[in-house]
Amino acid sequence: MDARYSIRWAAEHGLPRLVFLALRGRNDPLARLMSGDEGYDDPYSLIDQLRGDGGVRVTRAGYAAFDYEVCREILRDRRFGVRHPIDPAVPTLLRRYAERVVLPPNPIEAPSMFALDPPDHGRLRKPVASAFTPRAVARLGDRVREVTTKLLDAMATRESVDLMADFAAQVPIVVIAEIMGFPVADRQHFLKWGSDVAPLLDVGISWRTHRRAMAATEAIRDHLAVHIEKLRREPGEDIFSLLVSTSDLTTTELMATANVLMGAGFETTMNLIGNAVPLLLSHPDQLDLLRAEPERWPLAIEELLRFDPSIQMTARRVLEPVEFDGGGPLEPGQSVIVSLAGANRDPVKFPDPHRFDVTRVNAREHLSFGTGVHGCIGASLTRLEVLHALPALFERFPDIRLDGEPTRRRLSTLRGYSHMPVRLKS
Ligand code: HEM
C-alpha cells in the first residue's frame, strides 16, 4: 500500500483527531458529537445542546448548523460548495504535501459527484440522475418484492437471525449489485468493502481505520477496472452497462460514479431498515396502527427517515462571504457542518420533534436526502425498497422482537447498527 496515504491521514484525520480529543476533554459539544461514544450513541441530546438560537453555531471544534431553514439554505446556496477534503486550517506545508497524494477513486474525492461543484458536478450527475428517475426505479418493483420474499422465506426456517446481516443489508445489496451488473459472488466483497470505507465519511478517524479504508478502496479500484472493461466488451441489461456505453465519462469518472452508487446504494438503506426495527418495536402503538392501516406505511417511512436518519450530517465549504442571523460572518474557505439530523429535530419545523409519530403530516419535508444540486439520486429507490421490506417483515413475523442489545456502529456520519439479534417467533 502507498506509504504516502499516511500524509493524507495526518492532514485529514490525524490533526482533527488531536483537536477533537483535546476539546472533548473541555466538554466541547461539537467535538463530542463528531467523535467519540457519546456522539455515536446519542447524538440527539448533543444536538439539542448545540442548537442554540438558530444561525450557524461556532465552537472551537468548528462551524455547524442545526436549524432547519439554515441547513436547507446552505445546501441550496451557490455561495457554498462541497467541502475540500483537507481543511484550509491545516498548516500550509502539510496541506501542500497532502494535496499531492492521489487516493484511489472513492466516494468523497473528486471526480466523485459528491465532491464536485457545478459545472463539473452536473456532467457527472446528469447521466446517473437520468438512469434513476422515479419511472425507471418503479420498474424494479417486482424484482424488489421477489428479493424481499426470498429473504423472508430463508429467515422463516430459523428461530432467530441477525437482522442486519440476514435482511437489512441483503435487500439493498442485492438490488444495487444487480443495477450495477455485478455477479452474485461480488455482493459479499462489497459488503465488507462498504463497511471498511464508511469511516472515510467521518473526520478524525484513527490511522488503522484509515489504512483499512485505503486497502478497501484499492481493492475496489482493481475490481471496478476489470468490471468496467468487461461491460464495455459485453454490456448487460443493467443500468450501469447503459451508463458505461452511452455516457462520455472516462474510466476514472465511471469508477468514481460506481463507487458512489455502491456505497450510497446499500449502506444508507441498510441502516434505514436497521434503525427502523428497534424504533417500531419500542413504539407498539405506532406499529399496531400500521398493521391496522397499512396504507399509512409511506408516511411512516418518511417519519423513520426524519427521526433517525442514516446520514446524520454533511458539510459545505464557504465560497463567498455569507452572514446568517444569529451567527457571525462566514469567510471563504471555512467548512460548515450541516446537521441533517439537527434540521429534522428542529422544533420550529417539526413540533414536538423528539416524538416518533407515523402520522406526522409534514414528515416528508425532512432533510435526510439532502436538497439542492447534491440532493439524493437514490431517494425513489430507497422508498421503493423500504416500502417493500418493512411491511413485509412485520407481516411475516408478527412476533418479531429484539433478542439482546443491537450493536451500534462507531461512526458519526453514518448512523446504524452492525448486528441486531432478533427472535422471529414467540
Ligand atoms: C436511506 C437511504 C439514503 C439516504 C439517507 C441518502 C442520503 C443522501 C444525502 C444526505 C445526500 C446528499 C449529500 C450532500 O448533500 O452532501 C445523498 C446524495 C446522493 N445519494 Fe443518497 N441516500 C440514500 C440512498 C441512496 C441510494 C439507494 C442511492 C443510489 C442508488 C443514492 C445515491 C446518491 C447519490 C449518487 C448522491 C450524490 C448526489 C450528488 O452529489 O449530486 N442514495 N444521499
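Atoms within a ligand are numbered from 1 in the order they appear, just like the ligands themselves.
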Residue and atom name of the nearest protein heavy atom (relative to [atom]), distance in Å to one decimal:
atom	result
atom 23 (C) of ligand 1	Thr268 OG1, 3.3 Å
atom 28 (C) of ligand 1	Gly378 CA, 3.4 Å
atom 16 (O) of ligand 1	Thr314 OG1, 2.6 Å
atom 6 (C) of ligand 1	Phe369 CD2, 3.7 Å
atom 37 (C) of ligand 1	Phe114 CE2, 3.5 Å
atom 35 (C) of ligand 1	Val260 CG1, 3.5 Å

Counting heavy atoms only, which part of [X] comes closer than 4.0 Å to ligand 1: side chain, backbone, both or neither?
X	answer
Ile176	side chain
Phe266	neither
Gln312	neither
Leu272	side chain
His121	side chain

Quiz question: by atom type and distance under 3.5 Å, do the side chains of [X] and [Y] form a donor-acceptor pair?
X	Y	result
Arg76	Thr371	yes
Asn344	Ser368	yes
Arg24	Ser35	yes

Out of all atoms in ligand 1, which are within 4.0 Å of some heavy atom of [X]? Include the element for each.
X	result
Ile311	7 (C), 8 (C)
Leu381	30 (C)
Gly370	10 (C)
Thr382	1 (C), 2 (C), 23 (C), 24 (C), 25 (C), 27 (C)
Val373	41 (O)
Arg316	14 (C), 15 (O), 16 (O)
Ser310	1 (C), 5 (C)
Leu340	10 (C)

Exercise for the section: With Arg306 as the cation and Phe350 as the aromatic partner, state whether NZ or CZ is under 6.0 Å from the six-membered ring centre and within 45° of the axis. Expected result: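 Here Arg306 passes the 6.0 Å and 45° test against Phe350.
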Problem - Row check, Phe307 ring normal vs Arg345 NZ/CZ: under 6.0 Å, within 45° - result: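 Judged by the rule (NZ or CZ under 6.0 Å from the ring centre, within 45° of its axis), Arg345 counts as positioned above Phe307.
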Problem - Non-hydrogen atoms of Pro172 and Ile273 that approach each other most closely - result: CD-CD1, 4.4 Å
Exercise for the section: Say whether Ser368, considering both its backbone and side-chain N or O atoms, lies within less than 3.5 Å of an N or O atom on ligand 1. Expected result: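 Among all N and O atoms of Ser368, none is under 3.5 Å from an N or O of ligand 1.
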Practice task
Decide whether an N or O pair under 3.5 Å exists between Arg125 and ligand 1.
Solution key: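 So ligand 1 has an N or O lying under 3.5 Å from an N or O of Arg125.
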Practice task
Run the contact test for Thr257 against ligand 1 with a 4.0 Å cut-off on heavy atoms, strictly below, and give the result.
Solution key: no
Exercise for the section: Determine whether any heavy atom of Pro309 lies closer than 4.0 Å to an atom of ligand 1. Expected result: no
Exercise for the section: Hey, can you tell me if Phe240 and His227 have their rings parallel, tilted or perpendicular (30° and 60° cut-offs)? Expected result: parallel
Practice task
Any chance you could lay out the side-chain hydrogen bond (donor to acceptor under 3.5 Å, both in side chains) test for Asp28 and Thr59, step after step, and finish with the verdict?
Solution key: CA-CA 7 Å; Asp28 182 292; Thr59 86; 3.1 Å; yes
Can you confirm whether more than 12 heavy atoms, excluding those of [X], are under 6.0 Å from its [atom1] atom?
X	atom1	answer
Glu237	CD	no
Glu331	CD	yes
Glu395	CD	no
Arg221	CZ	yes

Exercise for the section: Determine, stepwise, if the pair Glu405 / Tyr417 fulfils side-chain hydrogen bond (donor to acceptor under 3.5 Å, both in side chains). Expected result: CA-CA 10 Å; Glu405 267 302 295; Tyr417 297 98; over 6 Å; no
Options [options], ranked by nearest heavy atom to [atom], top entry:
atom	options	result
atom 18 (C) of ligand 1	Lys126, Glu267, His374, Met262	His374
atom 21 (Fe) of ligand 1	Cys376, Ala379, Pro118	Cys376
atom 32 (C) of ligand 1	Gly416, Gly265, Ala264	Ala264

Practice task
Compare all side-chain heavy atoms of Val161 with those of Phe167 and state whether any distance is below 4.5 angstrom.
Solution key: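 They are not in side-chain contact.
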Exercise for the section: Verify whether the ring centers belonging to Phe190 and Phe182 lie closer than 6.0 Å. Expected result: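 Yes - the distance between ring centres of Phe190 and Phe182 falls below the 6.0 Å cut-off.
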